[in-house]
Amino acid sequence: LRRLRQENHLNPGGRGLRVRCIFLAWLGIFAGSWLVYVHYSSYSERCRGHVCQVVICDQYRKGIISGSVCQDLCELHMVEWRTCLSAAPAQQVYSGLWRDKDVTIKCGIEETLDSKARSDAAPRRELVLFDKPTRGTSIKEFREMTLSFLKANMGDLPSLPALVGQVLLMADFNKDNRVSLAEAKSVWALLQRNEFLLLLSLQEKEHASRLLGYCGDLYLTEGVPHGAWHAAALPPLLRPLLPPALQGALQQWLGPAWPWRAKIAIGLLEFVEELFHGSYGTFYMCETTLANVGYTATYDFKMADLQQVAPEATVRRFLQGRRCEHSADCTYGRDCRAPCDRLMRQCKGDLIQPNLAKVCALLRGYLLPGAPADLREELGTQLRTCTTLSGLASQVEAHHSLVLSHLKTLLWKKISNTKYS
């Protein structure tokens with residue numbers, strides 16, 4: 001005892017260090033437990049696929065809705081719900097399996113959630129979401145109704161009658177050459193989903209997921225593409241805790257090798273081309289983040305989420321006559337921003353940055369780390385030039401295709417005639 005007292009007297013800092021270590025260990029355990037608790041609490045709020053399936057199948061059995069996967073979903077139980085990928089309760093997203101295919105299952109349940117699980121939740125959703133068309137609507141009236149809706153959301157384009165034809169073909173999923181009221185209600189509800197409208201418009205494009213089937217406003221697309229970097233798979237609460245430097249390091253260590261990243265980037269640039277003056281007009285990317293950059297097993301680019309891709313007409317309608325004090329007041333989605341006319345205090349029509357400029361800003365952080373030494377300087381120069389493009393229509397027309405073509409050529413030359421091509 002005398003010796004222990006002498007040691008403590010001689011080394012008082014040792015005991016203090018042990019106390020600090022114990023305190024930090026307990027603090028770490030507490031913080032970790034809190035994060036786990038909050039994550040799983042938010043998980044139960046975000047992930048309600050079972051609610052979605054109950055509501056959809058209830059209305060299918062009542063004859064209110066129909067669709068190509070209704071029988072498999074509600075009677076044969078051939079649609080398997082797997083991992084929850086939902087970012088918000090209103091839009092349910094799950095990976096799944098259907099007829100031996102990997103699929104993504106998407107369904108909106110905001111009406112059910114808003115009612116806080118009351119007994120009248122399903123009827124309320126039925127009345128609000130599946131209220132059109134009404135009984136007695138002719139196929140000619142439904143065609144005109146669909147065309148008017150598409151014109152309002154995509155502009156008055158000469159190609160829209162062909163898109164209306166696609167909608168009617170999809171509605172007649174059982175190929176009996178007639179569109180029932182349940183089929184019409186289901187397709188009309190689907191058209192209210194921004195991503196479904198985009199999927200329908202981009203079905204012939206290589207870089208959008210293929211639509212496989214639907215039931216009511218629930219729909220299935222091709223399997224979930226791989227994320228652009230593995231940190232995207234972290235729980236949302238943990239992502240802000242990672243400093244940018246560590247995120248960049250994770251991207252290099254855990255993500256694809258640089259040549260594969262170059263191939264993914266070429267696909268992303270091709271997707272930008274597809275959005276610019278396509279068959280159904282121009283579309284704007286209004287949330288340009290790595291989380292939306294996906295790729296297949298062969299490293300071909302696939303847009304992971306089309307929720308924040310919007311038709312030009314929709315964005316312009318949102319901005320037209322909008323009151324503003326600063327350009328931040330003229331923002332559609334996350335980053336589709338127009339300048340504010342300080343004199344008139346109204347938003348202008350042209351966006352500050354076109355799709356290509358925002359994508360190039362994203363690619364600077366995605367491609368420059370780990371780029372080959374003989375390419376890094378020229379690639380950096382081209383990407384910087386690209387990010388300076390403005391959203392003025394005259395400049396986009398003049399430089400958009402040229403800058404995009406130079407970038408694709410530069411990257412393709414580096415990986416062509418190799419296993420990465």
Side-chain angles (χ1 to χ4, degrees), residues 49 69 72 78-87 92-106 195-196 198-199 202-214 219-235 239 247-275 285 287-309 359 362-363 365-372 407-408 411-421:
V69 300
D72 287 351
M78 291 174 61
V79 179
E80 181 183 337
W81 300 64
R82 288 185 168 176
T83 308
C84 174
L85 306 170
S86 309
Q92 294 296 296
V93 183
Y94 279 75
S95 65
L97 191 68
W98 177 57
R99 297 186 179 181
D100 299 322
K101 293 178 192 170
D102 287 322
V103 296
T104 303
I105 308 167
K106 298 192 176 184
E195 186 182 41
F196 180 85
L198 269 292
L199 283 171
L202 301 172
Q203 273 299 282
E204 297 177 1
K205 305 301 183 183
E206 181 184 352
H207 303 297
S209 294
R210 196 160 57 91
L211 191 63
L212 300 178
Y214 67 93
Y219 56 97
L220 308 184
T221 64
E222 288 177 313
V224 181
H226 299 280
W229 62 295
H230 288 64
L234 288 172
R239 290 177 209 162
Q247 292 183 14
L250 279 173
Q251 178 183 306
Q252 290 186 59
W253 296 338
L254 303 177
W258 188 88
W260 290 131
R261 278 186 273 147
K263 184 180 180 184
I264 295 165
I266 291 170
L268 176 55
L269 292 169
E270 288 172 349
F271 181 69
V272 172
E273 280 184 298
E274 292 169 356
L275 296 182
M285 299 170 68
E287 185 173 352
T288 317
T289 66
L290 280 178
N292 291 332
V293 178
Y295 55 89
T296 65
T298 55
Y299 297 94
D300 293 311
F301 169 77
K302 284 282 185 185
M303 191 67 178
D305 186 7
L306 288 170
Q307 284 288 343
Q308 296 300 325
V309 177
V359 164
L362 187 70
L363 290 180
Y366 188 61
L367 285 179
L368 290 179
L407 264 173
K408 282 173 56 182
L411 293 171
W412 188 249
K413 278 184 178 178
K414 195 64 184 175
I415 63 170
S416 61
N417 300 319
T418 68
K419 65 176 183 178
Y420 300 103
S421 63

Enquirer: Taking all atoms of both residues into account, what is the closest heavy-atom pair of Ala265 and Leu363, and its distance?
Expert: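 That closest heavy-atom pairing would be CB-CD2, 3.8 Å.
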Enquirer: Does a side-chain heavy-atom distance below 4.5 Å link Leu211 with Tyr219?
Expert: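 They are in side-chain contact.
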Enquirer: Quick one: which of Val103, Leu306, Leu199 gives a side-chain contact (heavy atoms from CB on, under 4.5 Å) with Thr221?
Expert: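 Among Val103, Leu306, Leu199, the one meeting side-chain contact (heavy atoms from CB on, under 4.5 Å) with Thr221 is Leu199.
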Enquirer: I'd like to know if the side chain of Thr288 and the backbone of Val359 have a donor-acceptor N/O pair within less than 3.5 Å.
Expert: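 Answer holds: no.
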Enquirer: Using the rule given for salt bridge (Lys or Arg N to Asp or Glu O under 4.0 Å), can you reason through Lys408 versus Glu273, listing the C-alpha separation, both sets of side-chain angles and the distance that settles it, and then say yes or no?
Expert: CA-CA 11 Å; Lys408 282 173 56 182; Glu273 280 184 298; 2.9 Å; yes
Enquirer: Could you state the interatomic distance from CG (Leu362) to CE (Met285), rounded to the nearest 0.5 Å?
Expert: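 Those atoms lie 8.0 Å apart.
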Enquirer: Ion pair present between Glu206 and Lys302, side-chain N to carboxylate O less than 4.0 angstrom?
Expert: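 Lys302 and Glu206: not salt-bridged.
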Enquirer: Would a 4.5 Å heavy-atom cut-off, applied to side chains only, mark Tyr295 and Arg261 as touching?
Expert: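 Counting from C-beta outward, Tyr295 and Arg261 never come under 4.5 Å.
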Enquirer: Quick one: does Ile266's side chain get under 4.5 Å of Trp412's, heavy atoms only?
Expert: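 Ile266 reaches Trp412 side chain to side chain.
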Enquirer: Looking at every non-hydrogen atom in both residues, tell me the closest pair between Trp260 and Thr298 and how far apart they are.
Expert: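 That closest heavy-atom pairing would be CZ3-O, 4.4 Å.
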Enquirer: Return the minimal non-hydrogen interatomic distance between Asp72 and Trp98, and the atom names on each side.
Expert: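 Scanning both residues, the minimum pair turns out to be OD2-NE1, 2.9 Å.
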Enquirer: Run the side chain to side chain contact (heavy atoms under 4.5 Å, CB included) test on Ile264 and Asp300 for me, step by step, so that the C-alpha distance in whole Å, both residues' side-chain angles and the decisive distance to 0.1 Å come before the verdict.
Expert: CA-CA 6 Å; Ile264 295 165; Asp300 293 311; over 6 Å; no
Enquirer: What distance do Glu195 atom CD and Ser209 atom OG have between them, rounded to the nearest 0.5 Å?
Expert: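 Glu195 CD to Ser209 OG: 7.5 Å, rounded to 0.5 Å.
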Enquirer: If you take all heavy atoms of Lys106 and Asp305, which pair is closest and at what distance?
Expert: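 Residues Lys106 and Asp305, closest heavy atoms: NZ-OD1, 4.3 Å.
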Enquirer: Does the His207 side chain pair with the main chain of Met303, one donor and one acceptor, at a distance under 3.5 Å?
Expert: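 No, the answer is negative, given that no donor and acceptor are paired below the 3.5 Å cut-off.
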Enquirer: Report yes if the side chains of Leu275 and Leu202 come closer than 4.5 Å at any heavy-atom pair, otherwise no.
Expert: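 Yes. Closest side-chain heavy atoms under 4.5 Å.
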Enquirer: Would you say the side-chain atoms of Asn292 pair up with the backbone N or O of Glu287, donor to acceptor, closer than 3.5 Å?
Expert: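 Yes; judged by distance alone, with no hydrogens or angles, the pair exists.
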Enquirer: How close do Tyr94 and Ser86 get, heavy atom to heavy atom, and via which atoms?
Expert: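 Between these two residues, the closest heavy atoms are CE1-OG, 4.4 Å.
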Enquirer: Could you tell me if the side chain of Pro372 sits less than 4.5 Å from the side chain of Lys414, heavy atoms only?
Expert: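 Yes; the side chains approach each other to less than 4.5 Å.
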Enquirer: Could you pull out the closest heavy-atom pair between Pro256 and Tyr299, with the gap in Å?
Expert: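 Between these two residues, the closest heavy atoms are CB-CE2, 3.7 Å.
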Enquirer: Side chains of Val293 and Phe301: does their closest heavy-atom pair fall under 4.5 Å?
Expert: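 Yes; the side chains approach each other to less than 4.5 Å.
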Enquirer: Can you check whether Lys205's main-chain N or O pairs, donor with acceptor, with Glu274's side chain at less than 3.5 Å?
Expert: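 Judged by distance alone, no pair lies under 3.5 Å.
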Enquirer: Are Val93 and Ile105 close enough that some pair of their side-chain heavy atoms sits under 4.5 Å apart?
Expert: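 Val93 does not reach Ile105 side chain to side chain.
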Enquirer: Between Thr104 (side chain) and Glu222 (backbone), is there a donor-acceptor pair under 3.5 Å?
Expert: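 Side chain of Thr104 to backbone of Glu222, a donor-acceptor pair under 3.5 Å: yes, one is there.
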Enquirer: Roughly how far apart are Leu220 CG and Lys101 NZ, rounded to 0.5 Å?
Expert: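 One gets 10.0 Å once the value is rounded to the nearest 0.5 Å.
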Enquirer: With the side chain counted from C-beta on, respond yes when Leu85 and Gln92 share a heavy-atom pair under 4.5 Å apart, and no when they do not.
Expert: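 No, every pair of side-chain atoms sits at 4.5 Å or beyond.
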